[in-house]
Each structure stands twice: as structure tokens, then as C-alpha cells.
Participant: 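Before anything else, here's the structure in question.
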Amino acid sequence: MRILFMGTPEYALFALKALVAAGEQIVGVVTQPDKPKGRGYELCPPPVKVYAMEQGLPVYQPATLKNGAFDEELKALAPDLIVVVAYGKILPQTVLDFPKFGCINVHGSILPEYRGAAPMQRAIIDGKTETGVTTMQMAAGLDTGDMLVKVKVPIGENDNFEDIHDRLGVAGAEALTETLARLRAGTLTAIPQDDTLATYAAKIEKADCLLDFSKDARTLHNLIRGLSPFPLAFTCTPDGKMLKVPESRVGEKKAPDGAASGTVLALDNTITVACGNGTTLEILRVLPEGKGRMSAADYIRGRRLSVGDMLG
RNA sequence: CGCGGGGUAGAGCAGCUUGGUAGCUCGUCGGGCUCAUAACCCGGAGGUCGGGAGGUUCAAAUCCCCCCCCCGCAA
């Protein structure tokens with residue numbers, strides 16, 4: 001079966017590598033164009049491109065797929081199936097309809113929950129204890145296609161985005177492998193999504209990353225781990241600098257009555273902050289503005305905070 | 001030329017504006033106190049202050065010039 005792979009970030013690599021490992025006939029890899037990134041705006045190839053080139057797979061980086069821009073290549077590649085994992089662009093109907101077996105997408109949630117851009121982060125931020133991946137037969141809407149195979153994955157109370165990302169990557173590869181096997185065997189069943197149960201995992205915005213200490217510690221902890229190691233939740237120190245928080249834990253102690261939310265209660269090896277409902281949050285690692293990541297203990301040693309300071 | 005921060009002891013920082021014995025918190029080593037301790041007390045080791053047999057100066061971590069490296073923001 002001639003498979004065309006479309007994907008861009010690290011996450012897509014799990015699936016692509018699984019296809020390669022299974023000896024699938026990958027006729028090409030479509031990924032986003034190189035983009036200027038990092039300091040100095042150096043042009044950076046997406047992870048999928050780097051790997052595909054190492055494997056000697058033909059790489060395509062069309063600026064757009066709209067208006068038949070990619071039709072010629074598509075005809076030449078003549079895929080029987082397109083596998084899409086976090087490609088980053090909407091596929092026009094002409095592309096969706098082109099392959100005999102259509103387009104199959106690997107999505108990082110148990111559909112119909114968390115359709116959209118940031119399913120993994122949103123599941124963690126919402127404090128879910130379980131998530132997973134779903135393969136689907138792609139349709140025109142946003143992650144609305146009929147569901148094929150699901151693989152569930154537990155979320156531990158201290159797992160962060162990276163942990164879940166990697167675990168879902170493995171699960172996604174597994175789900176894709178099974179989907180292809182059943183497609184060949186003719187045992188694949190497509191289950192329509194119940195739209196009334198659908199939820200939407202909106203893209204993470206800067207405003208989502210601001211820590212609001214009037215919320216309770218558990219909620220803040222979920223936000224912190226859901227955004228770690230990227231893009232990171234943050235707060236502000238009394239001198240107006242941004243302080244990002246890669247790692248935390250829910251404090252065991254209660255905040256004293258009358259302690260305003262955001263008050264620094266203790267500075268030993270961690271930064272203990274008063275949160276909503278008398279809860280406390282312990283900040284374990286930080287990323288000061290203009291600095292690198294460091295432990296809270298190291299940050300405290302630099303004497304940049306005092307007990308009684310307000311964060312937020 | 002996208003904007004900005006920084007390279008001082010193993011770690012995190014101060015000192016640089018107003019040149020003149022290199023300091024703080026922690027770690028580490030030794031000793032003491034203690035039933036005991038990651039607690040407390042005393043003492044010690046550890047730094048060519050990123051590099052340039054550069055410039056200015058009686059004197060440079062500090063002022064000027066060149067180079068290297070690291071990081072944050074933004075994308």
C-alpha cells in the first residue's frame with residue numbers, strides 16, 4: 001500500500017518511525033516549510049523533515065495545499081492512503097478524497113473529547129486522570145471524522161506535558177499500527193462521533209499561562225504541569241520580572257488565615273505560595289527572566305525573594 | 001542585522017555607576033555541641049573574575065576595543 005505521510009513536530013515522529021519500522025511503503029513525507037526560529041531567526045527544518053531526510057524519504061514542503069497547489073505531486077505520488085499526524089494545516093477536500101482509503105489521522109485524545117489543537121495540554125490542565133489517542137477517518141470538520149481505533153493512557157497526578165506527549169506518541173504509533181492492520185484485514189469499523197459529547201481543546205494562548213493564585217493549588221499545579229516544559233506557566237515577582245514555573249507540587253500545609261493569595265509563605269528548598277481556599281503550592285523549579293532553569297533552592301540562594309513578597 | 005539578560009570558588013548571586021586587600025547564601029572538608037540530626041557553633045580548602053603576553057592607568061572583576069560561549073523574549 002502506497003502511504004503518504006503528513007506531519008510536522010516531534011509528536012508526528014512516533015507515528016512515522018512506526019511506519020518505517022513496519023516496513024511500510026512510504027512514498028513521500030509532507031511537512032511544513034522551514035521556518036525562522038530561535039535567536040537570530042535562523043531557518044529551522046521541522047523534526048519530521050530531519051528524520052525523513054535521514055531515512056532518504058522524499059520530502060515535500062508546500063506552502064499551501066489549497067487550490068490544487070499540491071495536486072500534481074499528489075497524482076505523481078499516487079498514495080492509496082494518507083496518514084496525517086499533527087501536520088499543522090487544514091487538508092482541502094480534494095486531498096481528503098484523493099487516496100483510495102482516504103486520510104487517517106492520529107489525534108491525541110479520546111474523541112470526541114478534546115478536539116482541536118492542544119488536546120494533551122488541556123487534558124492535563126483539566127486534571128483528567130486518563131486520556132489517549134484516537135485514529136479517525138478524516139472528514140472536513142475539525143477532528144470530526146469517524147473513529148477507528150482508540151488507545152487509552154493514564155495521567156498521573158504529577159505527569160507533565162512532556163510525559164504525556166511521549167506516552168501518547170507511543171500510544172499513537174500503536175493505534176496507527178493496529179488501524180493499518182485492520183484496514184488490510186478488512187475488519188476496520190468506523191464509528192461516528194457523538195457531537196453532543198464533543199469538547200474543544202483550544203490552542204494555548206499566553207493568557208492561559210498566567211498563574212492566578214486565587215485559584216486553589218491543585219488547579220495551579222495542573223496548569224503548571226500541563227504547560228511544562230513548554231510554553232510554561234508564569235507569574236511575576238515584586239520587581240516586575242517574569243518568573244516561569246516548570247515544576248511544582250501541591251503543598252501539604254494550609255495557608256494561615258488572612259494570607260493573601262500569592263503571598264510567599266516560606267523559602268526553604270522550595271517556594272511556598274498561598275493560594276485560594278487556604279491551599280498552598282510549592283514551586284520546585286523556576287525559570288527567571290533572562291536566565292536558565294534552576295531549582296527553587298538555587299533561585300532562593302540568589303536572594304531574589306523574601307518571605308512575605310507577593311507573586312502575581 | 002528582530003528585542004533583551006549574562007559569563008566572578010562545585011551551585012545560585014553581589015561587587016562594576018564613583019578603578020585600589022574578591023564578598024554573600026549553599027555545598028564540601030575538619031572539629032565541636034547533641035541520644036541524634038538535613039539543626040546549631042568553630043575552623044579550613046577552593047577563584048588565571050569567559051578569552052585576547054589588547055588599550056587606558058601607578059593600579060582593571062571594575063573604564064575602552066576585539067573574539068568566544070550561554071540564556072530569556074518573540075516567532
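A, B, ... follow the sequence lines: proteins, then strands. Residue 1 opens every chain.
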Participant: When you compare A74(B) with U37(B), how far apart are their P atoms, in angstrom units rounded to a whole number?
Facilitator: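 Going atom to atom, P in each nucleotide, I get 49 Å.
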
Participant: Checking T270(A) side chain against I283(A) main chain: does a donor-acceptor pair fall under 3.5 Å?
Facilitator: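 Not confirmed, T270(A) side chain does not pair with I283(A) backbone.
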
Participant: Hey, is the main chain of T219(A) close enough, under 3.5 Å, to the side chain of N222(A) for a donor-acceptor pair?
Facilitator: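 Answer holds: no.
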
Participant: Using 30° and 60° as the class boundaries, would you call the ring planes of F14(A) and Y11(A) parallel, tilted or perpendicular?
Facilitator: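 Ring orientation, 0 to 90° scale: tilted.
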
Participant: When you compare A14(B) with C24(B), how far apart are their C1' atoms, in angstrom units rounded to a whole number?
Facilitator: 7 Å

Participant: Return the pairing partner of U34(B) with a 3.5 Å limit on both distances, Watson-Crick or G-U wobble; otherwise return none.
Facilitator: none

Participant: Does K206(A) count as lying over the ring of F234(A), i.e. NZ or CZ under 6.0 Å from the six-ring centre, within 45 degrees of the axis?
Facilitator: yes

Participant: How many Å lie between CZ on F234(A) and P on C73(B), as a whole number?
Facilitator: 11 Å

Participant: Would you kindly give the CG-to-P distance between N269(A) and U25(B), to the nearest whole Å?
Facilitator: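 Rounded to whole Å, this separation is 17 Å.
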
Participant: Among side-chain atoms of S248(A) and H221(A), is any donor-acceptor pair under 3.5 angstrom?
Facilitator: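 Distance-only check passes for S248(A) and H221(A).
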
Participant: What is the distance, to the nearest angstrom, from the CZ atom on F230(A) to the C1' atom on A74(B)?
Facilitator: 10 Å

Participant: Describe the nucleic acid contact of K35(A) in one word from base, sugar-phosphate, nothing, applying a heavy-atom distance below 4.0 Å.
Facilitator: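 Nothing: the residue K35(A), judged by heavy atoms under 4.0 Å, touches no strand.
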
Participant: Does the pair D195(A)/R115(A) count as a salt bridge with the N-to-O cut at 4.0 Å?
Facilitator: yes

Participant: Mind checking if K241(A) touches a base, just sugar-phosphate, or nothing, with heavy atoms under 4.0 Å?
Facilitator: nothing

Participant: Going by purine N1 to pyrimidine N3 plus the second Watson-Crick contact, or the G-U wobble pair, all under 3.5 Å, which nucleotide sits opposite C16(B)?
Facilitator: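 For C16(B), the partner nucleotide comes out as none, under the 3.5 Å rule.
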
Participant: Is a donor-acceptor pair below 3.5 Å formed from side chain R39(A) to base G2(B), judging by atom type as modelled?
Facilitator: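 Donor-acceptor pair under 3.5 Å: no.
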
Participant: Might you point out which heavy atoms bring L265(A) and V273(A) nearest each other, and give the distance in Å?
Facilitator: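 In terms of heavy atoms, the two residues are closest at CD1-C, 4.3 Å.
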
Participant: Mark up nucleotides 10-15 of chain B, 5' to 3', with B wherever a protein heavy atom is under 4.0 angstrom from a base atom, S wherever such an atom reaches only the sugar-phosphate, and - elsewhere.
Facilitator: -BBS--

Participant: Should the pair R184(A)-E24(A) be classified as a salt bridge under the 4.0 Å nitrogen-to-oxygen rule?
Facilitator: yes

Participant: When the C1' atoms of G2(B) and G10(B) are considered, how many whole Å apart are they?
Facilitator: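 Each nucleotide's C1' atom is 37 Å from the other's.
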
Participant: Taking A75(B) as the reference, what is the distance to G12(B) when you measure between their C1' atoms (whole Å, please)?
Facilitator: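 Result for the C1' pair: 31 Å, nearest Å.
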
Participant: Report, one pair per line, the protein and nucleotides 37-40 of chain B atoms (nitrogen or oxygen only) whose separation is under 3.5 Å.
Facilitator:
none

Participant: Is there a donor-acceptor contact under 3.5 Å linking the side chains of D239(A) and T237(A)?
Facilitator: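 Indeed, the side chains of D239(A) and T237(A) share at least one donor-acceptor pair under 3.5 Å.
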
Participant: Mapping E289(A) and Y41(A) to their closest nucleotides on RNA chain B, which lands nearer the 5' end?
Facilitator: Y41(A)

Participant: Determine the Euclidean distance between corresponding P atoms of C65(B) and U56(B); express it in Å to zero decimal places.
Facilitator: 15 Å

Participant: If C73(B) has a Watson-Crick or G-U wobble mate with both distances under 3.5 Å, name it; if not, just say none.
Facilitator: G2(B)

Participant: Using atom C1' in both nucleotides, what's the gap between A61(B) and C16(B) to the nearest angstrom?
Facilitator: 7 Å

Participant: Applying the Watson-Crick and G-U wobble criteria at under 3.5 Å, what pairs with G43(B)? Answer none if nothing qualifies.
Facilitator: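 When the pairing criteria are applied, C29(B) turns out to be the nucleotide that pairs with G43(B).
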
Participant: Roughly how many Å apart are C41(B) and C73(B), using the P atom of each and rounding to a whole number?
Facilitator: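 My reading of the P atoms in C73(B) and C41(B) gives 39 Å.
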
Participant: Under the criterion salt bridge (Lys or Arg N to Asp or Glu O under 4.0 Å), I'd like the reasoning laid out for R304(A) against D309(A): C-alpha separation, chi angles, the key distance, then a yes or no.
Facilitator: CA-CA 10 Å; R304(A) 287 185 272 209; D309(A) 282 351; over 6 Å; no

Participant: Syn or anti for U25(B), with syn set at within 90° of 0?
Facilitator: anti

Participant: Go ahead and name the base partner of U48(B); Watson-Crick or wobble counts if both distances stay under 3.5 Å, otherwise write none.
Facilitator: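 None - no nucleotide pairs with U48(B), as no candidate has both distances under 3.5 Å.
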
Participant: Rounding to a whole Å, what distance do you find between K206(A):NZ and G72(B):P?
Facilitator: 13 Å

